[in-house]
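All of these numbers come straight from a predicted model, not from anything done at the bench.
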Amino acid sequence: VAGVSCTAANADALEAIKTSGKIRVSIDPAAPPYSVMDESGKYVGSEVDVAQKLAKDWNLELEVVPTAAANLIPYGLGGTTDIVLSTLSITEERKKVIDFSKPYSAIQVVVGAAKADNISKIEDLVGKQVAVTRGSTNDSEITKVALPGTNIVRFEDDSTSITAILTGQTSYYVTAPALLTTVNKKNPSVQIEPKIVLKTNVTGIGVKKGETALTEKLNEWVSGSLADGSLNGMYRQHFGLDLPPEVANAK
């Protein structure tokens, strides 16, 4: 009973947003190229672009609330922010504590290799040196499917993994497409691209549970922004790829 009354009492986030003329958005500022503070002190990145478009389309002022990854959901639940827009993968565990809009983007786990390399399946990695960042979801995914004879080389962080690719220590890198873009920016001659998709995690906008009106309005906005190509355009601008079908065709 308490849960029901709490939901009813708090189910007015959309009205509060309209009244204030502002939308407060939790974004992790330490997740380039999704979101980061640039040298001039401005927040930039793919998630910031999405948040700016949402605020503009709704004729609202945008307030970016810099939020450490561990606090993204607590901030959303506690009312510090109105929504969470920060590479939040939609998972069954998270759906128990927070509501999500329909998917607007995705984070894939891919095996990257040079454009000229013709690998296309897990079997092609046998006998190869494959870089991955230790303890990451990328590490978990490649460990699950790698065949005997695949030499998984684990590095302590993404920077070290990227260095291994740039120096030729390894030729294959298990990561998100965004970090392949980072590799190519550091050395355009590398021309590394996604070759094998291990997993696609779709991301949604996080909303406090029970805020049905806000969630429905966000769903309308996502559907419209997918239909007019603007979300795909932003994704392509940052990652050089189209949104995966899991997002583009989501109902």
Side-chain angles (χ1 to χ4, degrees), residues 6-38 40-90 94-95 97-107 202-239 243 247-248 250-251:
C6 178
T7 299
N10 292 324
D12 56 2
L14 181 58
E15 281 306 312
I17 290 168
K18 288 177 180 175
T19 301
S20 69
K22 176 171 72 177
I23 188 162
R24 300 167 303 163
V25 183
S26 275
I27 289 181
D28 178 3
Y34 302 103
S35 44
V36 70
M37 183 181 279
D38 70 9
S40 69
K42 284 175 54 181
Y43 292 109
V44 295
S46 61
E47 300 289 61
V48 179
D49 286 356
V50 173
Q52 287 172 340
K53 182 182 189 302
L54 172 63
K56 183 180 178 184
D57 289 350
W58 286 8
N59 197 27
L60 296 168
E61 177 192 342
L62 172 65
E63 181 183 338
V64 172
V65 181
T67 311
N71 289 328
L72 288 168
I73 290 176
Y75 272 32
L77 296 177
T80 303
T81 57
D82 302 306
I83 61 172
V84 180
L85 208 163
S86 191
T87 64
L88 207 59
S89 298
I90 301 173
R94 284 175 176 164
K95 281 160 72 173
V97 295
I98 197 166
D99 287 338
F100 284 95
S101 71
K102 65 180 291 185
Y104 70 94
S105 190
I107 303 175
V202 296
T203 58
I205 301 171
V207 182
K208 186 176 181 179
K209 271 207 168 295
E211 298 291 357
T212 313
L214 177 55
T215 304
E216 288 177 355
K217 188 167 175 64
L218 286 167
N219 283 339
E220 287 174 14
W221 179 80
V222 171
S223 294
S225 299
L226 287 170
D228 68 16
S230 54
L231 284 174
N232 190 68
M234 285 186 276
Y235 190 84
R236 174 166 275 285
Q237 175 193 338
H238 286 277
F239 308 121
L243 281 167
V247 177
K251 300 300 181 190

K.L.:
Any idea which heavy atoms bring S101 and L218 closest together, and the distance?
P.N.:
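Closest approach of S101 to L218, heavy atoms only: CB-CB, 4.1 Å.
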K.L.:
Taking N219 for the side chain and K102 for the main chain, is one N or O donor matched with an acceptor at less than 3.5 Å?
P.N.:
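The answer is yes, because a donor-acceptor pair under 3.5 Å joins these two groups.
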K.L.:
Quick check: do Y75 and V84 have side-chain heavy atoms less than 4.5 Å from each other?
P.N.:
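When only atoms from C-beta onward are counted, V84 and Y75 do not touch, as no gap falls below 4.5 Å.
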K.L.:
Measuring only between side-chain heavy atoms, which start at C-beta, is K208 closer than 4.5 Å to I98?
P.N.:
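When only atoms from C-beta onward are counted, I98 and K208 do not touch, as no gap falls below 4.5 Å.
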K.L.:
If every non-hydrogen atom of L88 is compared with every non-hydrogen atom of G206, which pair is closest and at what distance?
P.N.:
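Looking at all heavy atoms of both residues, the shortest contact is CD2-CA, 4.2 Å.
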K.L.:
Any chance you could measure L243, atom CG, to L226, atom CG, to the nearest 0.5 Å?
P.N.:
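Separation between the atoms: 6.5 Å.
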K.L.:
Strictly by modelled atom types, are Y43 and Q52 linked by a side-chain donor-acceptor pair under 3.5 Å?
P.N.:
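Result is no, nothing qualifies.
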K.L.:
Over all heavy atoms of both residues, which pair between L54 and I23 is shortest? Give the atoms and the distance, please.
P.N.:
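Of all heavy-atom pairs spanning L54 and I23, the closest is CD2-CD1, 4.2 Å.
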K.L.:
Supply the atom-to-atom distance L85 CG to S35 OG, rounded to the nearest 0.5 angstrom.
P.N.:
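If I round to the nearest 0.5 Å, the distance is 9.5 Å.
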K.L.:
I'd like to check L231 versus V222 (side-chain heavy atoms, cut-off strictly below 4.5 Å). Are they in contact?
P.N.:
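When only atoms from C-beta onward are counted, V222 and L231 do touch, with a gap below 4.5 Å.
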K.L.:
Start with the C-alpha gap between K209 and V97, add the side-chain angles, then the distance that decides, and say whether side chain to side chain contact (heavy atoms under 4.5 Å, CB included) holds.
P.N.:
CA-CA 7 Å; K209 271 207 168 295; V97 295; 5.8 Å; no
K.L.:
Is there a side-chain contact between V50 and Y34 (heavy atoms, below 4.5 Å)?
P.N.:
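They are not in contact (no side-chain heavy atoms under 4.5 Å apart), so the answer is no.
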K.L.:
Could you check whether any side-chain N or O of R24 sits under 3.5 Å from a backbone N or O of I83, counting only pairs where one atom can act as donor and the other as acceptor?
P.N.:
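Side chain of R24 to backbone of I83: no pair is present.
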K.L.:
Per the side chain to side chain donor-acceptor pair (under 3.5 Å) rule, what does the pair list look like for residues 60-74, sequence neighbours excluded?
P.N.:
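Only K22-E63, S26-T67 qualify under side chain to side chain donor-acceptor pair (under 3.5 Å).
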K.L.:
Does the Lys NZ or Arg CZ of K18 fall within the cation-pi geometry relative to W58 - under 6.0 Å from the ring centre and within 45° of the axis?
P.N.:
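No - K18 does not lie over the ring of W58 by the 6.0 Å and 45° rule.
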K.L.:
Report yes if the side chains of I17 and L214 come closer than 4.5 Å at any heavy-atom pair, otherwise no.
P.N.:
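The answer is yes; the side chains approach within 4.5 Å.
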K.L.:
CG of N59: more than 12 outside heavy atoms within 6.0 angstrom?
P.N.:
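For N59, atom CG is not crowded (no more than 12 foreign heavy atoms under 6.0 Å).
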K.L.:
If you take all heavy atoms of S46 and F239, which pair is closest and at what distance?
P.N.:
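It is OG-CZ, 3.6 Å.
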K.L.:
Take K53 and D49 through the salt bridge (charged side-chain N to carboxylate O under 4.0 Å, His left out) test and state the conclusion after the steps.
P.N.:
CA-CA 6 Å; K53 182 182 189 302; D49 286 356; over 6 Å; no
K.L.:
Going by salt bridge (Lys or Arg N to Asp or Glu O under 4.0 Å), name the residues that satisfy it together with E220, two or more places apart in sequence or in a different chain.
P.N.:
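Not a single residue meets the salt bridge (Lys or Arg N to Asp or Glu O under 4.0 Å) criterion with E220.
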K.L.:
Indicate the atoms forming the closest heavy-atom contact of A69 with D28, along with that distance.
P.N.:
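Closest approach of A69 to D28: CB-OD2, 3.8 Å.
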K.L.:
Can you check side chain to side chain contact (heavy atoms under 4.5 Å, CB included) on V64 and V25, steps first, answer last?
P.N.:
CA-CA 5 Å; V64 172; V25 183; 5.5 Å; no
K.L.:
For the residue pair F100 and S89, what are the closest heavy atoms and their distance?
P.N.:
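Minimum heavy-atom separation between F100 and S89: CZ-O, 3.8 Å.
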K.L.:
Exactly one of V202, T203, V247 should register a side-chain contact (heavy atoms from CB on, under 4.5 Å) with Y104. Which one does?
P.N.:
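Passing option: T203.
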K.L.:
Are any side-chain N or O atoms of D99 and backbone N or O atoms of G210, one a donor and one an acceptor, separated by less than 3.5 Å?
P.N.:
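Yes, D99 side chain to G210 backbone: donor-acceptor pair under 3.5 Å.
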